[in-house]
Amino acid sequence: MPEDPVERAALTERLLAAFELQEMGIFDWDVASGGVRYFLPGQPTVGLTPPICRTTADEWFETAHPDDLALASAAVDRALRGESEKFSTFYRRRQEGEWRYVQSEGKVLSRGKDGRALRVIGTYRDVTAPVAREKGRHDREASARHAQARASLTEFATSLAHELNQPLAAISTNVQAALRFLETGRKGLGEVRQALLRSVALAERAADVVRAMRQVVRPEGRAEERFDLRVLAREVCDLAAPEARRADVVLRVSSVGAPVLVSADRGQIELVVLNLVRNAIEAITSAASLRRTVTVRVRKLPASVCLEVEDTGPGVDRRLGERIFDAYFTTKAAGTGLGLRLCRSFAEAHGGRIDCSPPRPRKGALFILELPAGSGGAGGVERPSKQRGHARRG
Ligand code: ADP
């Protein structure tokens, strides 16, 4: 501060104007006594004297939102103990009956011999308006994304309905043929049996289509819940276990120790993972691979979560490329070609993605599902796993 009173007054005036412009208050905290002196922006100054308020640190923190308090006071405590010189906190504070968002930065001005802070000064800013603007923008973008995803899912469901006609017509033809064989006695029971078996396979295919449709056009929309992706992966492997046993394939889940939380429609994600696991088992079976393992890997990425399904089959034919994600594209005699298309629709409707890794020498296929991480930390409450009905793929 300048010695000269005129210069001092000029500097004070400029500082006050700057704080006013930034809508910023300042505080001066005497840590030993707990007393805090502060002034908040927007309050009329008397000449060059801002209206100084007094409180205590305890009183100040009493007004903080309980959910934000632990994080904010941890940052302050680190600075008080000497682990940092500055702190930055963002929390909600109750003010005149409503919650306001506050951004506060502080700096330790002096410390005692034991290193503990004696005096802290800092700034305080009410950021409720910019936070509300940002939240509004985020909500608008999210609802536009959902509307778009919903529109494409509905379009997809319509085309699935058309797809139903084909197996139904084929069932009718096969059953009529079986009846004729029986009536005329011209063909043996073996032929009748074949026609009926074909009908059963076609009926299963039709049922798959119906199941896919149900998932896509659920009238109540997506039932979002928060759950641990590791638990879901294990449940899906339990569902697919009988199929894996029949195919002599070992199913493995590999995951990190901590919960991997997502907020998503559990039924849809279950269907996606089941699809990938079944495709993997079928790939190993079709190629009669010697190594017969499917590994489901769950892990956290910096801002998302990831589930990989890797198999020891022949890998996806490199000539097929992205076509495997097209609706009705299949290389299997009894395939619907809907699985991966549906997986991709579901992943994208959740703001995520699903991809197949490029072919890798002497390795099977690797499918990667990535979803936005569920809000909240690893300590969040998660729904206990419950035994579900046998979900089939669509
Ligand atoms: P479907 O299983 O009915 O054929 P999908 O959409 O699930 O339909 O799969 C499309 C195609 O992608 C399959 O027919 C197959 O050629 C290929 N594919 C899918 N998963 C694998 C895998 N794990 N390994 C090799 N190819 C695969």
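We count residues from 1, following the sequence as given. Just follow the structure's listing: the first ligand is 1, and inside any ligand the first atom is 1. Values reported hereafter were calculated over all heavy atoms of this structure, with side chains retained and with hydrogens, waters and symmetry mates removed.
- Counting heavy atoms closer than 4.0 Å to ligand 1, residue Phe325 contributes nothing at all.
- Taking only non-hydrogen atoms, the option from Thr330, Leu340, Val277 nearest to atom 6 (O) of ligand 1 is Leu340.
- In this structure, the ring of Tyr124 has its center no less than 6.0 angstrom from the ring center of Tyr38.
- Neither the backbone nor the side chain of Asn275 comes within contact range of ligand 1; no heavy atom lies under 4.0 Å.
- Both tests pass for Arg93 against the ring of Trp60: distance under 6.0 Å to the centre and angle within 45° of the axis.
- Taking a cut-off of under 4.0 Å to the non-hydrogen atoms of Phe329, the atoms of ligand 1 that pass are 10 (C).
- Counting atoms of ligand 1 from 1 in the listed order, those under 4.0 Å from a heavy atom of Phe367 are 20 (N), 21 (C), 22 (C), 23 (N).
- For the residues Pro314, Gly315, Gly313, the heavy atom positioned nearest atom 25 (C) of ligand 1 is part of Gly315.
- Cation-pi geometry between Arg94 and Trp99 is satisfied (NZ or CZ under 6.0 Å from the ring centre, within 45° of the ring normal).
- Here is the list of ligand 1 atoms found below 4.0 Å of a heavy atom in Val316: 25 (C), 26 (N), 27 (C).
- For Glu282, no nitrogen or oxygen atom sits less than 3.5 Å from a nitrogen or oxygen atom of ligand 1, counting backbone and side chain alike.
- Judged by the 6.0 Å distance and 45° axis criteria, Arg266 is positioned over the aromatic ring of Phe227.
- Within ligand 1, the atoms closer than 4.0 Å to a non-hydrogen atom of Ala365 are 22 (C), 23 (N), 24 (N), numbered from 1 in the order shown.
- Applying the salt bridge (Lys or Arg N to Asp or Glu O under 4.0 Å) criterion to Glu59, with sequence neighbours excluded, gives no partner residue.
- Cluster partners of Leu196, by chain and number: Phe181, Leu182, Leu189, Val192. The rule joins Ile, Leu, Val, Met, Phe, Trp and Tyr whenever side-chain heavy atoms lie under 4.5 Å apart.
- For Arg81, the CZ atom sits in a packed shell: over 12 heavy atoms of surrounding residues, nucleotides or ligands are nearer than 6.0 Å.
- Taking any N or O of Arg341, backbone or side chain, none lies under 3.5 Å from an N or O belonging to ligand 1.
- Ion pairing between a basic and an acidic side chain is recognised when a charged N comes within 4.0 Å of a carboxylate O; Arg319 and Asp317 show such pairing.
- Selection from Leu366, Val294, Ile324, Asn279 by nearest heavy atom to atom 17 (C) of ligand 1 gives Ile324.
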